There are 2 protein chains.
Amino acid sequence: MTRTRLTAAERGEQLVAAAVKAFAVSGYTGTSTDDVARLAGVSQPYVIRLFGGKQRLFIAAVEHAAARIEQVFRDAAERSPDLDSLGQAYDELLAERDLLTLLLHGFAASADPTIGGAVRECFGRIYRLVRELTGADAEEARDFLASGMLLTVLASMQVLGPGAVPPEPWMAELAGSIHKSCAEPEPGG
Amino acid sequence: MTRTRLTAAERGEQLVAAAVKAFAVSGYTGTSTDDVARLAGVSQPYVIRLFGGKQRLFIAAVEHAAARIEQVFRDAAERSPDLDSLGQAYDELLAERDLLTLLLHGFAASADPTIGGAVRECFGRIYRLVRELTGADAEEARDFLASGMLLTVLASMQVLGPGAVPPEPWMAELAGSIHKSCAEPEPGG
DNA sequence: TTGACATGTTATCAGTCGATAACTACCTTG
DNA sequence: CAAGGTAGTTATCGACTGATAACATGTCAA
């Protein structure tokens with residue numbers, strides 16, 4: 001029989017994973033701690049006790065998402081330490097839409113000082129990591145992050161990524177011009 | 001004596017303006033219809049009756065913000081129909097942070113099908129307008145929107161715009177490299 | 001003036017939410 | 001086995017929210 005009780009650390013990780021999924025759908029205020037609790041199969045008061053409050057759970061989820069992106073970037077840079085490599089890695093992150101949408105909810109929720117502080121720190125860390133891994137200058141890093149933000153927004157709007165909405169012409173145009181710079185050989189060549 | 005009663009249309013406009021401000025701070029679920037009502041100086045049930053529900057009020061606010069951006073772009077294109085001109089206009093929109101943050105909340109809330117549909121329509125309309133006004137190709141328009149999304153996120157995070165947080169090094173770097181392409185002469189030259 | 005419509009309010013409700021308190025069950029260590 | 005810490009639950013609460021209903025007030029045309 002499987003273990004019936006987990007350590008607090010294990011349960012915490014499980015809850016953060018559930019929080020990423022739940023908060024990505026409905027945002028900070030729109031998601032109840034009970035939503036997260038049920039997704040992880042525990043009771044709602046236990047979530048509160050483990051994290052000390054809803055806000056801390058949300059911030060933990062945002063930081064988890066940011067850490068995941070950092071990890072993906074590090075892996076990509078290990079293969080090839082340039083912006084193209086990281087860009088390709090970010091494209092693959094579109095498959096994990098929850099991460100990106102959660103971050104977007106975090107950005108939008110920055111009016112709350114505590115959340116804003118945490119979110120800015122995550123963003124700054126990613127910016128510095130991109131420059132450090134690729135040696136890009138400020139302008140190059142800025143363009144890279146700009147593309148990333150557009151992809152993040154499009155993914156959250158379900159214009160890109162798995163389970164995307166039926167494409168309108170403008171969506172196809174936008175998606176088609178993505179990573180033109182990555183120089184895929186023309187189809188049928 | 002000033003009129004004590006407004007027409008429904010006038011009150012509606014007033015409420016949409018209040019909704020933009022209120023929803024920008026706390027998002028769709030985090031803002032109560034009573035918040036909006038008090039900001040506009042009317043009772044909460046009246047807001048519901050005028051708009052039919054909270055969701056319709058939110059969508060009206062998002063569409064208002066998008067329409068404002070379209071208007072700013074049209075004005076800019078009338079002066080000079082190129083992307084630099086529109087980019088400069090968008091920079092000035094940073095002063096109206098509410099608009100951009102509200103849109104960001106809208107993007108993030110796209111998991112709701114009704115809101116998602118409205119938000120995607122606004123985004124598509126802006127994309128088409130940019131191409132139409134400037135004659136930009138898909139790739140140019142994409143880069144323009146990407147920069148816009150980064151600016152929107154930075155403004156929402158209070159990294160840019162009025163009342164921004166005390167700048168960290170990475171913020172100064174990101175802000176400093178913005179619109180390098182707009183070719184300001186080097187300082188002290 | 002009067003009546004009818006449009007503008008707006010107060011009262012109220014059923015549902016939801018985050019958080020606390022108190023209790024229970026499990027597991028390890030001596 | 002006993003005991004104490006760890007993991008987890010149920011019960012409950014006060015506050016808040018969106019929406020409805022009923023009522024009140026201002027405005028304009030005939």
Side-chain angles (χ1 to χ4, degrees), chain A residues 1-62 105 109 111-115 118, chain B residues 1-62 105 109 111-115 118:
Chain A
M1 162 175 162
T2 63
R3 203 170 17 170
T4 65
R5 290 173 55 173
L6 273 54
T7 68
E10 286 169 333
R11 194 61 88 181
E13 289 176 23
Q14 202 175 87
L15 276 168
V16 166
V20 169
K21 288 188 191 185
F23 282 125
V25 174
S26 308
Y28 175 51
T29 51
T31 305
S32 69
T33 53
D34 192 51
D35 290 338
V36 178
R38 260 180 302 194
L39 205 55
V42 298
S43 66
Q44 176 264 336
Y46 192 40
V47 174
I48 296 296
R49 229 186 28 199
L50 274 183
F51 285 85
K54 185 189 185 180
Q55 190 182 72
R56 294 193 203 187
L57 174 62
F58 181 74
I59 290 176
V62 167
H105 274 293
D112 178 299
T114 307
I115 293 177
Chain B
M1 157 177 159
T2 64
R3 205 169 18 169
T4 64
R5 290 174 55 175
L6 274 52
T7 67
E10 287 169 332
R11 194 62 86 182
E13 289 176 23
Q14 205 175 85
L15 277 168
V16 166
V20 168
K21 288 189 190 182
F23 282 125
V25 174
S26 307
Y28 175 50
T29 51
T31 305
S32 69
T33 54
D34 192 51
D35 290 337
V36 178
R38 262 180 302 196
L39 205 56
V42 298
S43 66
Q44 177 264 337
Y46 192 39
V47 174
I48 296 295
R49 225 179 40 190
L50 274 183
F51 285 86
K54 186 188 186 182
Q55 190 182 71
R56 293 192 204 188
L57 174 62
F58 181 73
I59 290 175
V62 167
H105 274 293
D112 177 300
T114 306
I115 293 177

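Below, chains carry the letters A, B, ... as their sequence lines are ordered, and counting in each starts from 1. Because the structure is a prediction, the values reported are computed rather than measured.
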How does protein contact run along nucleotides 8-17 of chain D, one letter per nucleotide 5' to 3', with B for base contact, S for sugar-phosphate only, - for none, heavy atoms under 4.0 Å? BBBB-----S
Mind listing the closest non-hydrogen atom pair of Gly12(B) and Phe51(B) along with its distance? O-CZ, 3.7 Å
When every non-hydrogen atom of Leu15(B) is compared with those of Leu57(B), the smallest separation belongs to O-CD1, 4.4 Å
Holding to side chain to side chain contact (heavy atoms under 4.5 Å, CB included), I want the full list of residues that pass it with Ala61(B), two or more places apart in sequence or in another chain.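 Testing Ala61(B) for side chain to side chain contact (heavy atoms under 4.5 Å, CB included), a comparison that skips the adjacent residues, returns Ala19(B), Val20(B), Phe23(B), Leu102(B).
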If the condition is side chain to side chain contact (heavy atoms under 4.5 Å, CB included), which residues does Ser32(A) pass it with, not counting sequence neighbours?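 Ser32(A): side chain to side chain contact (heavy atoms under 4.5 Å, CB included) contacts with Asp34(A), Asp35(A).
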Can you find a heavy atom in the side chain of Ile59(A) that is under 4.5 Å from one in the side chain of Gln55(A)? yes
Hey, is the main chain of Ala22(B) close enough, under 3.5 Å, to the side chain of Thr31(B) for a donor-acceptor pair?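 Checking the backbone N and O of Ala22(B) against the side chain of Thr31(B), a donor-acceptor pair under 3.5 Å is found.
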Tell me: [atom1] of [X] to [atom2] of [N], nearest whole Å?
X        : N       : atom1 : atom2 : result
Phe58(B) : dG18(D) : CZ    : C1'   : 16 Å
Tyr28(A) : dC17(C) : OH    : C1'   : 12 Å
Glu13(A) : dA7(D)  : CD    : P     : 13 Å
Ile48(B) : dA21(D) : CD1   : P     : 13 Å

